[in-house]
Structures are given as C-alpha cells and as structure tokens.
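Numbering of ligands and ligand atoms starts at 1, following listing order. Predicted model only: the values in this text are computed from it and were never measured. Nothing fancy with the numbering, it's 1 onward along the sequence. The figures that follow rest on heavy atoms only: side chains count, while hydrogens, waters and symmetry mates do not.
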Amino acid sequence: MKIHENHSLKGLNSFGLAVRARFFCELRRLGGLKSVVQWRRQHPELPVLLLGGGSNLLFTADYPGLVLRVRLQEREVLGSDGEFVYVRAGAGEDWHAFVRWTLEQGLAGLENLSLIPGTVGAAPVQNIGAYGVELKDVFYELQALDWRTAELREFRLADCRFGYRDSFFKSVEPERWLIASVTFRLPLQPQWNMAYAGIAEQLQGAEPSALRISDAVTALRRSKLPDPAVLGNAGSFFKNPLVSPSQWQGLKKAHPELPGWPQPDGPVKLSAAWLIEQCGWKGRREGDAGVYAGHALVLVNYGAATGAALWQLACTVMTAVQVRFGVALEPEPLVLPRLPCRHEGGVLPG
Ligand SMILES: Cc1cc2nc3c(=O)[nH]c(=O)nc-3n(C[C@H](O)[C@H](O)[C@H](O)COP(=O)(O)OP(=O)(O)OC[C@H]3O[C@@H](n4cnc5c(N)ncnc54)[C@H](O)[C@@H]3O)c2cc1C
C-alpha cells in the first residue's frame with residue numbers, strides 16, 4: 001500500500017479547503033491494514049485520521065499525521081428471516097449510491113436517508129439522521145478493526161451506543177475503530193415515514209413507495225441545502241442543543257415562539273437554527289466564511305475561506321447564542337484541530 005507525503009486534501013473535504021496531509025494512503029483491501037499497522041509502529045508519535053468522504057470534517061490546519069482513506073467496496077444481500085432482509089455494505093461505498101441500490105433491489109428502509117453525502121463506514125459514527133429516520137433504526141451490526149492491532153470485532157446495536165448524532169465511535173473511543181462494513185436490517189413490510197414537512201406535498205397524491213419517498217427527500221434536500229460541489233459546506237454545522245425541562249420552561253416563558261421537542265428520556269431538544277436566526281446570523285458573512293442564507297445551521301465557504309476563519313465564525317455564532325439565550329451550541333463535524341475560540345475580550349473555551 002503506497003503512502004504519499006504532503007498530499008492535498010482539497011478534493012477530499014466538502015468545505016473545499018486547501019489543506020494537506022503530511023502522510024496519506026487509501027485502504028482498498030482489508031489486508032492492506034497490516035502495512036498501516038506496521039507503518040504506525042515506526043511512527044508512534046503521529047496521529048491517524050480515518051477519512052470517508054470528508055463531508056463531516058473541518059480542517060483548521062494541515063493534518064500533521066497520516067490520513068487513511070477507507071475505500072473498501074462491497075454490496076451484498078445476505079438473506080431474510082421472514083420479517084427483515086439483511087444487507088451488508090463495505091465502509092467505502094458511497095452512502096447515497098448504496099441507498100439507491102437497495103431501493104432498486106426492491107428493499108425499503110433507507111429512503112428517508114437519501115442524498116446524505118459521505119460513505120457507509122462513516123454513517124454509524126454520528127448515527128446519521130434525516131426526515132424522521134436515524135441509522136440506528138435500520139442497523140443490525142458492523143465489523144470494525146482496531147487499526148492499532150488489526151484485531152477484528154463485531155459491534156451489535158447496544159455496543160454502538162447510538163444517540164442523537166453520536167455513537168461509541170464518535171465520543172467513547174474516537175479514531176480507534178476502523179469500520180470495515182455495516183449490515184442493515186430492512187423490513188419486508190415497511191411503514192412509510194412521511195411525517196416530516198414537505199414529503200407528502202412532494203408526492204402530490206401519488207401512492208407512497210420507497211423510490212418515490214427517496215425522490216421526494218432528494219428534491220427537498222436539493223431545495224434546502226447547498227451542493228458542496230458548488231458551495232463548500234458540511235451540512236448542519238451545529239447540533240440541536242438539549243436542555244433540561246426546567247431550562248426549557250424558563251426559555252419558553254421569555255420566548256414563547258421558541259420551538260422545542262421533549263425527548264423520551266427527559267431533556268428538551270431546541271432548534272439551533274431558530275436560536276441562530278434570532279441572533280441575526282442567518283445569511284451573514286465574514287469575508288469568504290458565511291452562514292448560509294437559506295439555512296442558519298449551515299456554514300459555507302464562498303471560495304477562499306480558511307478552516308480557521310470558518311471555525312472563528314462558528315465560535316462567534318456560538319458565543320452570540322450563549323450570551324443571548326444561555327444555551328451552549330456544539331459543532332456537529334469533527335474540527336481538526338479544535339482551536340480555542342477567540343473573542344474580543346480574550347479567549348473563550350473552544
Ligand atoms: C450537504 C450536506 C448535507 C448533510 N446532511 C446530513 C444529514 O441530513 N444528516 C446527517 O446525519 N449528516 C449530514 N451531513 C454530514 C455527513 O454527510 C455525514 O456525517 C456523513 O456520514 C459523513 O460521511 P463521510 O464519509 O464524509 O465522513 P468523513 O467526513 O470522512 O468522516 C466523519 C467522521 O467519521 C470518521 N470515519 C470516516 N470513515 C470511517 C470509518 N470507515 N471507520 C471509522 N470512522 C470513520 C472520521 O474519522 C470522522 O470522525 C451532511 C453533510 C453535507 C455536506
């Protein structure tokens with residue numbers, strides 16, 4: 001497996017940032033991991049970043065270690081137990097192409113997750129979700145390698161500790177496990193999830209089907225989100241914050257129109273987009289770094305923004321929300337490295 005030095009990542013991150021990796025290689029076969037493990041033993045001081053499609057990352061500087069791009073390809077219908085069909089995909093498969101392939105096989109379940117950029121292997125990392133469905137709803141198991149030792153392990157649903165845009169792989173043992181393949185459990189008797197605003201309208205009275213819902217979701221997403229090929233972005237940059245029921249009561253009293261959704265386990269999820277919009281940041285830009293005019297959660301690179309400038313903008317937005325509402329926003333993408341937030345009065349914790 002060839003290891004390149006000083007490799008450009010410009011085409012490999014959806015913000016389109018002109019950053020470089022000190023070392024870079026692509027993993028196309030599992031066997032190749034042995035050479036990476038050996039290489040790592042010779043360079044124990046260097047960090048390693050697992051890379052899929054680069055659509056949930058913000059590089060604020062060049063990467064000082066090895067970027068390992070996972071390109072393992074595989075698609076297989078494993079069989080059925082009479083209630084579900086089990087389908088496995090390699091981590092390097094393009095997510096949307098895989099979703100469409102399952103639909104073309106006559107299998108439903110992934111249609112609401114259409115057009116999310118990135119790879120199959122990154123999907124469990126933040127338990128991707130959209131239009132009322134999360135990856136955990138269709139997940140069966142995954143195979144992951146501890147890339148430090150090349151040991152292979154199976155993770156079932158409970159092992160993955162999926163949460164809202166979160167998992168074991170994102171917050172408990174980040175960067176340790178290389179997800180090699182994911183197996184999905186797709187229902188033979190699907191129940192259409194069309195509660196989300198806009199899906200029914202897109203169908204215009206047509207009988208729902210998995211392919212039609214996928215087309216509807218695709219059209220809705222295209223109308224709302226900027227295409228990273230045209231305008232660099234990483235989708236929603238901020239997670240919707242969770243607050244305690246008592247904080248929610250106080251906020252609701254002061255701002256009766258604030259949208260919030262009580263969660264089954266207690267906290268209330270707030271709309272980060274609403275909070276940002278109220279602070280006047282929707283559509284504003286600082287040089288080439290901006291908050292997208294069509295969607296307050298999306299930060300965009302109008303061309304020549306650096307990752308550090310985008311991160312500084314994110315810090316400014318987070319500070320504005322904190323000061324006005326007392327609510328802490330968290331970034332959704334991995335920020336590398338996560339620089340301290342600069343503020344007029346000094347440095348804020350990042
Ligand atoms: C326009 C746009 C819209 C988006 N919409 C949504 C949305 O609706 N819902 C949503 O949830 N997300 C959304 N995203 C975010 C993003 O598409 C997802 O998080 C996606 O799963 C990232 O995939 P990736 O392959 O690009 O991951 P990368 O950005 O390459 O990596 C993301 C993280 O996963 C890790 N990783 C990558 N591959 C592996 C692997 N094989 N094993 C272990 N770790 C790995 C990386 O180290 C990193 O920590 C959107 C992004 C964009 C640009």
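Both Phe169 and Ile116 are assigned to one and the same hydrophobic cluster, defined by single-linkage of ILVMFWY side chains at heavy-atom distances under 4.5 Å. If you chain together hydrophobic residues whose side chains sit under 4.5 Å apart, Leu135 and Tyr140 never meet in one group. In the hydrophobic cluster analysis, where Ile, Leu, Val, Met, Phe, Trp and Tyr join through side-chain heavy atoms closer than 4.5 angstrom, Leu110 is grouped together with Leu211.
Ion pairing between Glu141 and Arg156 holds under the 4.0 Å rule for side-chain N and carboxylate O.
Tested against Cys279 for a side-chain contact (heavy atoms from CB on, under 4.5 Å), the candidates Val317, Val321, Val323 yield a single pass: Val321.
Per-residue contacts place Gly118 under 4.0 angstrom from the following atoms of ligand 1 (heavy atoms of the residue considered): 23 (O), 24 (P), 25 (O), 26 (O). For ligand 1, the atoms sitting less than 4.0 Å from at least one non-hydrogen atom of Gly129 are 7 (C), 8 (O), 9 (N), 10 (C), 11 (O), numbered in the order shown with element in parentheses. Close approach to Glu175 involves these atoms of ligand 1, each under 4.0 Å from a residue heavy atom: 47 (O), 49 (O). Each of the atoms 42 (N) of ligand 1 lies under 4.0 Å from some heavy atom of Leu178. Short contacts between ligand 1 and Gly235, defined as distances under 4.0 Å to a heavy atom of the residue, involve ligand atoms 2 (C), 3 (C), 4 (C), 50 (C), 51 (C), 52 (C), 53 (C). Heavy-atom contacts of Ala130 reach the following atoms of ligand 1: 8 (O) (cutoff under 4.0 Å). Residue Thr119 approaches ligand 1 through these ligand atoms, each under 4.0 Å from one of its heavy atoms: 23 (O), 24 (P), 25 (O).
Contacts with ligand 1 closer than 4.0 Å are made by backbone heavy atoms (N, CA, C, O) of Trp177 only, the side chain lying farther away. Contact annotation for Leu334 and ligand 1: only side-chain heavy atoms (C-beta onward) come within less than 4.0 Å of the ligand. At a heavy-atom cutoff of 4.0 Å, ligand 1 is contacted by the side chain of Val70 but not by its backbone. If you look at Arg165 next to ligand 1, the close heavy atoms, those under 4.0 Å, all belong to the side chain. When non-hydrogen atoms are compared, ligand 1 lies under 4.0 Å from the side chain of Leu49 (C-beta onward) but not from its backbone.
With respect to atom 28 (P) of ligand 1, the closest heavy atom belonging to the protein is Gly54 N, 3.5 Å. Looking at atom 19 (O) of ligand 1, its nearest protein heavy atom turns out to be Gln126 NE2, 2.9 Å. The shortest contact between atom 32 (C) of ligand 1 and any protein heavy atom is with Asn56 CB, 4.0 Å. With respect to atom 23 (O) of ligand 1, the closest heavy atom belonging to the protein is Ala122 CB, 3.3 Å. Nearest protein heavy-atom contact of atom 21 (O) of ligand 1 is Ile128 CG2, 3.3 Å. The protein non-hydrogen atom at the shortest distance from atom 1 (C) of ligand 1 is Asn233 OD1, 3.4 Å. The protein heavy atom nearest to atom 41 (N) of ligand 1 is Ile179 O, 3.0 Å. The nearest heavy-atom contact from the protein to atom 13 (C) of ligand 1 is Ile116 CG2, 3.8 Å.
In terms of polar-atom proximity, Asn127 is not counted as a contact of ligand 1, lacking any N or O under 3.5 Å from an N or O of the ligand. Considering backbone and side-chain atoms alike, Pro117 places an N or O below 3.5 Å from some N or O of ligand 1. Checking only distances, Ser55 does come within under 3.5 Å of ligand 1, N or O to N or O. For ligand 1, one of its N or O atoms has an N or O atom of Leu50 under 3.5 Å away. Residue Gly53 has at least one N or O atom closer than 3.5 Å to an N or O atom of ligand 1.
Ring-centre distance between Phe184 and Trp95: below the 6.0 Å cut-off.
Other residues, nucleotides and ligands contribute only 12 or fewer heavy atoms inside 6.0 Å of the CD atom of Gln191.
The heavy atom nearest to atom 31 (O) of ligand 1, considering only Val120, Leu57, Val182, Leu135, is found in Leu57. The residue among Val125, Leu113, Leu27, Leu51 with a heavy atom at the shortest distance from atom 34 (O) of ligand 1 is Val125. Considering only non-hydrogen atoms, atom 6 (C) of ligand 1 lies nearest to Arg221 out of His96, Arg176, Arg221.
Ring orientation note: the planes of Phe237 and Trp311 are tilted relative to one another, at an angle of 30° to 60°. Between His7 and Phe24, the two ring planes are parallel [angle under 30°; tilted spans 30° to 60°]. Between Trp274 and His255, the angle of the ring planes goes over 60°, which puts this pair in the perpendicular group of the 30/60° scheme.
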Q: Report the C-alpha distance between Asp94 and Arg71 in whole Å, list the side-chain angles of each, state the deciding distance to 0.1 Å, and finish with yes or no for salt bridge (Lys or Arg N to Asp or Glu O under 4.0 Å).
A: CA-CA 9 Å; Asp94 175 82; Arg71 306 211 64 187; over 6 Å; no
Q: Please report the C-alpha distance between Val48 and Glu175 in whole Å, then the side-chain angles of each, then the deciding distance to 0.1 Å, and finally whether the side chain to side chain contact (heavy atoms under 4.5 Å, CB included) criterion is met.
A: CA-CA 8 Å; Val48 178; Glu175 299 304 327; over 6 Å; no
Q | salt bridge (Lys or Arg N to Asp or Glu O under 4.0 Å) between Arg28 and Glu26, worked out | A | CA-CA 6 Å; Arg28 292 174 183 271; Glu26 293 196 326; 2.9 Å; yes
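Side-chain contact, Trp177 with Glu173: a donor N or O sits under 3.5 Å from an acceptor N or O. A side-chain donor-acceptor contact under 3.5 Å links Asp81 and Tyr86.
The salt bridge (charged side-chain N to carboxylate O under 4.0 Å, His left out) test applied to Arg75 returns Glu93, not counting sequence neighbours.
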